[in-house]
Amino acid sequence: MGAKLGTGGAFGGRRRSDDDLVEAHEINVTPFIDVMLVLLIIFMVAAPLATVDLGVDLPASTAEPQPRPDKPVFVTVKPDLSVAVGEDVVARDVLAATLDGATQGKKDERIFLRADKAVSYGDLMEVMNLLRNAGYLKIALVGLDGRS
């Protein structure tokens with residue numbers, strides 16, 4: 001709490017007696033301003049450090065889809081991680097032989113790979129590695145057309 005030392009003045013700094021000082025009834029805002037400035041500086045420094053995610057603005061594709069072949073070969077990874085060639089579910093160890101039968105042994109034919117949203121990236125890469133090890137290097141990922 002502050003005390004006025006002056007005698008007289010605009011705020012009534014008069015004395016009651018010779019040695020008693022009248023209390024000042026104004027709020028001292030200097031400590032409040034100091035605390036607010038320190039908090040402002042802390043938040044200005046901490047706010048840029050709080051953003052964790054990377055802002056990546058991916059470009060939209062304007063490429064026209066390629067014409068679909070007459071008899072495309074679809075390899076599908078289902079949510080339970082089973083693999084199907086066309087409509088038939090096959091084991092992963094016979095995937096290469098099944099694809100050879102579906103493509104009549106043509107390794108340069110494009111394979112259309114599609115997977116459910118629930119399939120993790122690692123599981124999808126495992127199936128792509130199986131296709132690559134079988135000799136099929138032309139793999140097209142199938143997705144929904146996002147253009148309106």
Side-chain angles (χ1 to χ4, degrees), residues 1-6 9-13 20-148:
M1 206 178 287
K4 290 221 181 236
L5 297 178
F11 295 106
D20 292 335
L21 295 177
V22 178
E23 292 181 4
H25 297 286
E26 294 116 19
I27 297 174
N28 189 2
V29 295
T30 305
F32 178 72
I33 292 172
D34 291 343
V35 169
M36 294 307 289
L37 288 175
V38 168
L39 287 174
L40 178 66
I41 291 170
I42 289 172
F43 284 119
M44 286 174 58
V45 170
L49 300 177
T51 57
V52 178
D53 55 355
L54 297 174
V56 178
D57 189 17
L58 296 176
S61 174
T62 58
E64 290 296 320
Q66 296 294 320
R68 192 171 179 183
D70 292 335
K71 296 211 176 218
V73 179
F74 285 103
V75 175
T76 306
V77 183
K78 296 184 176 186
D80 60 355
L81 302 181
S82 61
V83 178
V85 176
E87 299 293 324
D88 304 322
V89 177
V90 297
R92 291 181 186 223
D93 55 347
V94 296
L95 179 63
T98 307
L99 280 175
D100 288 340
T103 61
Q104 288 83 33
K106 295 186 240 174
K107 301 281 186 183
D108 61 340
E109 189 168 335
R110 186 171 308 277
I111 305 297
F112 292 92
L113 180 61
R114 56 187 174 184
D116 193 88
K117 286 183 181 181
V119 175
S120 71
Y121 182 73
D123 294 325
L124 183 64
M125 287 303 297
E126 185 179 320
V127 173
M128 287 181 75
N129 286 334
L130 289 173
L131 293 173
R132 184 181 47 112
N133 291 339
Y136 294 96
L137 302 177
K138 291 184 175 183
I139 301 170
L141 298 176
V142 178
L144 295 176
D145 189 11
R147 295 180 291 158
S148 297

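The first residue in the sequence is number 1, and the count goes up from there.
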**Student:** Applying side chain to side chain contact (heavy atoms under 4.5 Å, CB included), name anything that partners Ala140, two or more places apart in sequence or on another chain.
**Tutor:** Arg110, Phe112
**Student:** Roughly how far, to the nearest 0.5 Å, is CG of Leu131 from CG of Leu137?
**Tutor:** 10.0 Å
**Student:** Please enumerate all residues that pass side chain to side chain contact (heavy atoms under 4.5 Å, CB included) together with Val38, with sequence neighbours excluded.
**Tutor:**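 For Val38 the side chain to side chain contact (heavy atoms under 4.5 Å, CB included) partners, ignoring immediate neighbours, are Ile42.
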**Student:** Would you list the atom pairs, donor with acceptor, under 3.5 Å between side chains in residues 83-92 and any protein atom, with sequence neighbours excluded?
**Tutor:**
| unit_1 | atom_1 | unit_2 | atom_2 | d |
| --- | --- | --- | --- | --- |
| Arg92 | NH1 | Glu126 | OE2 | 2.9 |
| Arg92 | NH2 | Leu81 | O | 2.8 |

**Student:** Using side chain to side chain contact (heavy atoms under 4.5 Å, CB included), reason through Thr103 and Tyr136 one step at a time and then give a plain yes or no.
**Tutor:** CA-CA 10 Å; Thr103 61; Tyr136 294 96; 2.9 Å; yes
**Student:** When rounded to the nearest 0.5 angstrom, what distance separates CE in Met128 from CG in Leu141?
**Tutor:**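 Output value for this atom pair is 5.0 Å.
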**Student:** Restricting to pairs with a member in residues 96-106, which pass salt bridge (Lys or Arg N to Asp or Glu O under 4.0 Å), not counting sequence neighbours?
**Tutor:**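 Sorted pair list: Asp100-Lys107.
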**Student:** Within a strict 4.5 Å, meaning less than it, do heavy atoms of the Lys138 and Ile111 side chains meet?
**Tutor:** no
**Student:** Tell me whether the count of non-hydrogen atoms from other residues, nucleotides or ligands lying under 6.0 Å of CG in Leu39 goes above 12.
**Tutor:**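 It does: Leu39 CG has more than 12 such atoms within range.
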**Student:** Partners of Asp80 by side chain to side chain contact (heavy atoms under 4.5 Å, CB included), sequence neighbours excluded?
**Tutor:** Lys78, Ser82
**Student:** Only pairs under 3.5 Å count here: list side-chain donor-acceptor contacts from residues 115-124, not counting sequence neighbours, and write none if there are none.
**Tutor:**
| unit_1 | atom_1 | unit_2 | atom_2 | d |
| --- | --- | --- | --- | --- |
| Asp116 | OD2 | Ala118 | N | 2.9 |
| Ser120 | OG | Asp123 | N | 3.4 |
| Ser120 | OG | Asp123 | OD2 | 2.9 |

